[in-house]
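Everything below concerns the one structure shown next.
Here is how names work: the chains are called A, B, and so on, in the same order as the sequence lines, proteins then strands, and each is numbered from 1.
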Amino acid sequence: MKKEITKYYPLIPVFAAYLLLFLIGRNISGMWQLVAMLLFYCALGQAFNIFLGMTGYVDFGYVAFMGIGTYGMALAITKLAHIEGLGIGIIIIGFILALLMSTLLSVAVGAVALRLRGAYFAIATIGVNEGFRFLIEGARIWNGSEGLIFTAQLNEILGREAASSLMTYWADIMVLIIAALAAFVTLYYMRSKIGYALTALREDEDAAKVMGINVTKYKIIAFITSACFAGLVGATSWALKTPYVFPPEVFEIHYTIEAIIIVLLGGAGTLLGPVAGGLIYGISKYYLAIFMPGFQLLIFAPIIIIIIVLFPEGVVGMLKYRLKDSALARFII
Amino acid sequence: MPLLKLENVTKRFGGLTAVNHVSLEIDHGEFIGIVGPNGSGKTTLFNVISGVYFPEEGSVIFDDLDITLLPPYKRAPLGIGRTFQIPRPFGSASVRENIAVGAMFGTLSGKVSVDESLQIADQTIERVRLQEHRDKPAGTLTPVEKKLMEIARALAMKPKLLLMDEAMAGMHPNDIDQMVAFIKQIAVEEKIAIVSMVEHIMRAVVGMAEKVIVLHQGSKIVDAPTKEALEDPKVVEVYLGHPPEE
């Protein structure tokens, strides 16, 4: 039994970081906005890491899963608002719908795109994201390019005050919970057969096959899991925090790129990496925009390049290597 | 009943026939050398047996089961293990984890837990004497150590047939003798049939194989006991160029 617990030690630094963020946000005035942004980036990184980090496949269409999750929540609220007495239950339905829709989309995309490898997979996924966005706009699905706006419905269902505290506070807490959950699932996968299979196929897919690993199965498991978390992040960070959804905003490839940077900065395939990456990325972006408005990207880009060149395995990848013989080693993976 | 039976197997790549109507039989626990110059179709034949390629013609029967069109990940658990010419470790994973993967996915029941697999890995590591490298990333091993690790990884799968692709290539003669002795020992202990593919290190073939199959331009030209095969004039002509020294 004790051994079972020690297996989960690496969650301690992850959860400690989230707790620290939460405390800073609660107790230092004016910090909540930054904390909320950092939580979003950490959750995004943690979710994407399950696929990108563990399989080594780069999905450039990842934001599509956040987008579809956002739509899941938006549809639940707009379509079910007229039902009396749902109350907070409507948000639970929204989460379920977000999960369902991101699962369906990831199965559809995965079944086709995961047959491809390397650059071909990456290109195919860009197509999926853009194609999906134009499908929604062109075929006028879910109100097309006019999007869905549901501030009024939220106010009506929850009451003005509760709706406002949902948008400014509780949505961020939910992002924190999603990020923590994603970290837990990541570690659970790492410690199970799934993790071994994913490591093997990331390192050498053909060798993994002749070792008896059904690589397609494990890739799809990672893909769907990662997509589900993306859907949840979208449903909270984008739908509950800002109660509207427009296709060009939620299918913006920019967020995929940010997610890739966060995972690589922190250390792909590590547990703590997305947290470190999310913090480094979010904090630099935030303060550079304050202190050097207009020049932030000019400074930001070299910082990212320097970190990647110095630590090709990511910050946590480097830490893991440096600390591998110390007592801290079992906390950092 | 032979363990592995190839019937008239042909594999083409466009206009090139890499393996041309090859039939062969391998018995349980048998030690066979597949010999042939570069481009003779050895690796393709291995790939057909392990499922990387499907043949255009002919059939592959393993343990009385037609596996001609079975995907590779389903063949490994039946008892087909293999090592690669250029070792292909899962580089970032430790030696122990690499070997555990073999036990985890390469056994028939498919019910070996992670902890059990790691235990099997520890036992197997001792057999190949890689204890001191146990927790190193496999990518950091020397080439010889990588080959040993691959053998251990395959052994953890409890194979009935082990396909070894150029296990001795690039090794020092002393290492080759050690490796030959080691492989012979495990083959006997575990009753594994071993098919070892060799391009030019005759020392290894003579040292261990009971039978030699010689491939030339995709076709089987000789299938005979080792000594006989290597003295066959056809082999001498297409392959060795001069008679082998005693």
[X]/[Y] ion pair, N-O < 4.0 Å:
X	Y	result
B/Glu145	B/Lys136	no
B/Asp122	B/Arg134	yes
B/Arg153	B/Glu150	yes

Measuring centre to centre across the rings, with the benzene-like ring taken for any Trp, is A/Tyr218 within less than 6.0 Å of B/Tyr73?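 For A/Tyr218 and B/Tyr73, the ring centres are not under 6.0 Å apart.
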
Counting heavy-atom pairs under 4.5 Å to chain A, which of B/Ser92, B/Ala156, B/Gly139, B/Pro137 comes out on top?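 Highest number of heavy-atom pairs under 4.5 Å: B/Ser92.
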
Contact origin within A/Arg202 toward chain B - heavy atom pairs under 4.5 Å: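 Contact with chain B is through the side chain of A/Arg202 alone.
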
Between [X] and chain A, with a heavy-atom cut-off of 4.5 Å, which part of the residue counts as in contact: side chain, backbone, both or neither?
X	answer
B/Met104	both
B/Ile49	neither
B/Arg88	both

Residue from A/Leu328, A/Thr270, A/Leu271, A/Val315 passing side-chain contact (heavy atoms from CB on, under 4.5 Å) with A/Lys320: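 Single pass found, and it is A/Thr270.
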
Going by the angle between their ring planes, with limits at 30° and 60°, are A/Tyr62 and A/Phe65 parallel, tilted or perpendicular?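 Geometry flag for A/Phe65 against A/Tyr62: perpendicular rings.
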
Rounded to the nearest 0.5 Å, what separates atom OG1 in A/Thr55 from atom CG in A/Asn49?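 Separation between the atoms: 9.5 Å.
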
Spatial distance of atom CG (A/Leu187) from atom CG (A/Leu272) [nearest 0.5 Å]: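 Interatomic distance, A/Leu187 CG to A/Leu272 CG, rounded to 0.5 Å: 11.5 Å.
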
For chain B, which residues of residues 205-215 of chain A have at least one non-hydrogen atom nearer than 4.5 Å to it?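 Interface residues of residues 205-215 of chain A: A/Asp206, A/Ala207, A/Ala208, A/Lys209, A/Val210, A/Met211, A/Gly212, A/Ile213, A/Asn214.
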
